[in-house]
Asker: 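First the structure, then my questions, so here it is.
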There are 4 protein chains.
Amino acid sequence: MGGTMDGTKQQRRGNTRQRIQDVALALFAEQGYEKTSLREIAERLDVTKAALYYHFKTKEEIIVSLFEDLTQPIQDLIEWGRGQPHTLETKQEIVRRYSRALSHAEPLFRFMQENQATVRELRIGDSFKDRMRCLRDILLDPDAELVDQVRSVSALFTLHAGMFLLQDLDGDVEKKRAAVLEVALDQVTQAHEHAHR
Amino acid sequence: MGGTMDGTKQQRRGNTRQRIQDVALALFAEQGYEKTSLREIAERLDVTKAALYYHFKTKEEIIVSLFEDLTQPIQDLIEWGRGQPHTLETKQEIVRRYSRALSHAEPLFRFMQENQATVRELRIGDSFKDRMRCLRDILLDPDAELVDQVRSVSALFTLHAGMFLLQDLDGDVEKKRAAVLEVALDQVTQAHEHAHR
Amino acid sequence: MGGTMDGTKQQRRGNTRQRIQDVALALFAEQGYEKTSLREIAERLDVTKAALYYHFKTKEEIIVSLFEDLTQPIQDLIEWGRGQPHTLETKQEIVRRYSRALSHAEPLFRFMQENQATVRELRIGDSFKDRMRCLRDILLDPDAELVDQVRSVSALFTLHAGMFLLQDLDGDVEKKRAAVLEVALDQVTQAHEHAHR
Amino acid sequence: MGGTMDGTKQQRRGNTRQRIQDVALALFAEQGYEKTSLREIAERLDVTKAALYYHFKTKEEIIVSLFEDLTQPIQDLIEWGRGQPHTLETKQEIVRRYSRALSHAEPLFRFMQENQATVRELRIGDSFKDRMRCLRDILLDPDAELVDQVRSVSALFTLHAGMFLLQDLDGDVEKKRAAVLEVALDQVTQAHEHAHR
DNA sequence: GATGAATGAGAATTCATTCAT
DNA sequence: GATGAATGAATTCTCATTCAT
């Protein structure tokens with residue numbers, strides 16, 4: 001009984017963990033981590049609080065699991081970037097791929113962006129900082145002028161902030177994303193060329 | 001009334017209100033608004049929680065008062081900007097003054113930056129968004145290309161993020177600030193020139 | 001069925017019940033009954049909590065089963081004692097046998113000793129008290145002086161407490177046990193002789 | 001207003017802390033520490049749980065405060081004992097005074113006796129063990145035979161156990177206490193004389 | 001013989017807030 | 001200008017227990 005041969009099999013039972021993650025991320029991103037109680041998450045899923053604890057040992061583990069699951073592409077990107085030469089092309093490709101990676105894990109990144117104070121206290125804080133530092137170090141020429149270093153970092157940050165900052169600007173989402181990417185590429189290019197003149 | 005002409009203005013009889021604000025801001029910026037309890041603030045000041053309530057009606061009022069007291073310069077800047085023509089010089093001056101204003105109220109801005117999720121729920125959320133929008137509208141040419149709009153917004157954001165992002169880059173604080181300012185000016189200039197060609 | 005003649009008696013197919021009892025007793029004795037959760041027991045055995053419920057209907061049933069399995073020798077001792085005349089020899093033999101019985105079920109008795117408050121609420125509480133009373137009544141001459149009654153009870157208690165109290169006294173375990181036994185015998189003897197003078 | 005000139009002044013307000021201690025001790029002794037919830041204590045006092053937290057930072061602090069307040073006499077006794085020569089008279093006096101001290105803090109000691117597993121995990125566990133060791137070391141001749149050492153320790157334990165063990169023996173409480181004391185004195189005397197022959 | 005998933009009850013603790021003094 | 005005492009509502013988390021599979 002149940003499941004039959006249609007595709008509902010995998011969404012019937014055994015998807016609770018996934019559902020918890022989805023709802024939690026939505027609420028964390030909307031209201032912040034501290035303001036979101038487990039009661040609220042449980043209610044939205046129509047399960048008991050204790051059910052959450054069956055799947056995650058603590059509240060923190062929920063956010064940690066989200067972070068780990070959703071930032072894998074960025075981890076991969078860093079791995080890839082490390083193996084490449086520090087050419088302009090590499091840098092541009094990093095920026096392009098990062099832009100794409102961000103857009104996939106958007107709610108998570110909005111959450112991290114908007115809850116830095118919280119994130120700092122959580123275990124993910126450090127992993128996240130590490131990754132940002134790695135990316136930065138790939139984009140940066142350590143002996144470039146300070147101004148160009150700022151330009152590189154600013155590129156990353158423009159990507160980060162882009163989506164959220166432009167929300168109330170009118171225009172098509174895809175176009176805005178493209179514009180943000182272009183500005184970031186520009187900054188990275190300026191920084192690189194200036195440094196290698 | 002009060003203050004007389006003797007210069008005791010800022011210490012008056014009992015500067016507790018001020019001290020509460022200072023400690024609260026430090027803690028809010030460090031740990032976030034929700035994670036900072038009134039107990040903690042009171043303990044640091046060596047007064048009771050009830051004493052806080054003599055000076056502020058609610059916890060929110062503390063942060064609101066900080067916001068109002070510390071963002072006056074930015075309010076003034078917006079006022080000034082609105083009266084100016086939309087020339088490149090104006091835009092550059094806005095960026096310069098904004099950079100200076102930010103550096104004065106740094107902890108508050110770090111707090112707002114890092115606790116957006118919280119801020120959104122608080123009364124200050126809207127005032128803050130309004131002001132950001134105003135600044136943006138001064139820097140922006142509404143009919144500029146999207147890319148240039150992004151560049152302008154990115155300038156603001158670079159300023160905002162600058163201080164925090166560059167913390168673990170070595171180098172003198174003042175120099176870093178100057179570099180950040182230069183990048184921001186650059187972006188605004190590019191945006192403007194591109195649009196007015 | 002089961003057991004056959006091959007000597008596998010104690011490991012049969014699946015000795016889980018026994019393993020649960022062992023682990024539970026160890027944990028109960030170490031941390032107390034309330035502080036030991038079924039989760040902990042299950043984890044140590046590398047089974048699920050639900051598996052425990054296959055073997056025992058409730059948590060209490062685990063401790064009850066331990067009590068019943070491990071105190072059989074004492075039950076027997078009481079039975080035996082009741083059929084004997086109230087001579088000094090009988091009393092001394094009771095003390096000797098009791099000492100031996102205790103040393104076999106040591107962890108259980110330590111548990112009962114150290115968790116009296118808990119035991120009192122459990123079903124075993126009364127059985128235990130009954131048995132202690134029986135033993136006492138065999139050792140006691142009801143019309144002896146109060147002091148001698150105390151001496152008899154104290155003998156029992158010295159045995160009980162002996163092991164644990166002397167833990168941090170240096171010396172060989174067997175010797176300490178013998179010394180404890182000697183003191184207990186002494187008390188019982190004094191009580192008896194004093195009463196029958 | 002309030003208090004007038006009768007003696008009710010000090011029981012009106014400001015005795016809550018004391019009342020919490022009283023009720024808590026009664027419940028801890030009756031049901032054990034873990035089985036007694038703060039809700040229960042609060043309900044008996046007709047205050048909220050939060051009120052308990054105004055007076056004690058944690059549940060553990062309640063029991064710690066009881067321990068510290070009620071065992072002062074024993075602490076004093078140890079101090080006194082240390083300054084005395086190791087004569088039989090000293091030892092007997094220790095036993096006498098200890099008996100008296102115990103009878104004052106009876107519920108606490110019953111609690112500690114019956115919740116050793118719990119006590120061991122709490123901070124008081126060690127202080128308590130230390131004190132017992134001190135007392136033991138005053139009563140003990142370190143080079144006495146093992147049997148006599150057991151006898152000394154058994155004396156202490158007889159005192160401890162006395163009250164509780166004899167509860168269901170009929171007879172006047174004071175008389176029972178006297179009998180227990182006599183047995184304990186006897187043991188200490190035997191141990192001493194045997195050792196100094 | 002056992003698991004995976006869940007529940008309902010309850011625990012300790014924390015918080016912003018109030019108010020008589 | 002401030003305190004001491006308290007509250008009510010919420011929070012995270014744990015536990016014994018159940019049951020379909």
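Per chain, numbering begins at 1; letters A, B, ... match sequence-line order.
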Asker: Applying side chain to side chain donor-acceptor pair (under 3.5 Å), can you list everything that pairs with R131(D), at least two apart in sequence or on another chain?
Answerer: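 Partners of R131(D) by the side chain to side chain donor-acceptor pair (under 3.5 Å) criterion, ordered by chain and then number, come out as T71(D), Q75(D).
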Asker: Output the pairing pattern of DNA chain F as a dot-bracket string, 5' first, Watson-Crick or G-U wobble with both distances under 3.5 Å, | for cross-strand pairs, [ ] for crossing pairs.
Answerer: .||||||||||||||||||||
Asker: Residues in side chain to side chain donor-acceptor pair (under 3.5 Å) with D22(D), at least two apart?
Answerer: Q18(D)
Asker: Does a side-chain N or O of T16(B) approach OP1 or OP2 of dA2(F) to a distance below 4.0 Å, or not?
Answerer: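 Answer yes for this pair, as a side-chain N or O of T16(B) is under 4.0 Å from OP1 or OP2.
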Asker: Return the set of residues passing side chain to side chain donor-acceptor pair (under 3.5 Å) with D69(B) (not counting sequence neighbours), or none when no residue passes.
Answerer: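 D69(B): side chain to side chain donor-acceptor pair (under 3.5 Å) contacts with Q21(B).
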Asker: Nearest-Å distance, CD1 (I41(B)) to C1' (dC15(E))?
Answerer: 12 Å
Asker: Output the rounded distance in Å from CZ (R17(C)) to C1' (dA2(E)).
Answerer: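 Rounded to whole Å, this separation is 16 Å.
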Asker: Do the side-chain N or O atoms of Y54(C) get closer than 4.0 angstrom to the phosphate oxygens (OP1, OP2) of dA2(E)?
Answerer: no
Asker: Rounded to whole angstroms, how far apart are CG on D46(D) and P on dA5(F)?
Answerer: 18 Å
Asker: Rounding to an integer number of Å, can you tell me how far L45(D) CG sits from dT7(F) C1'?
Answerer: 15 Å
Asker: Taking only the side-chain nitrogens and oxygens of H55(B), find out if one of them lies under 4.0 Å from OP1 or OP2 of dA2(F).
Answerer: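 Indeed, a polar side-chain atom of H55(B) lies that close.
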Asker: What one-letter contact string describes nucleotides 9-14 of chain E from 5' to 3', where B marks a base within less than 4.0 Å of any protein heavy atom, S marks contact via sugar-phosphate atoms alone, and - marks no contact?
Answerer: -BSSBB
Asker: Taking only residues two or more places apart in sequence or in another chain, which ones pass side chain to side chain donor-acceptor pair (under 3.5 Å) with E34(B)?
Answerer: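 Once residues adjacent in sequence are excluded, the partners of E34(B) under the side chain to side chain donor-acceptor pair (under 3.5 Å) criterion are T118(B).
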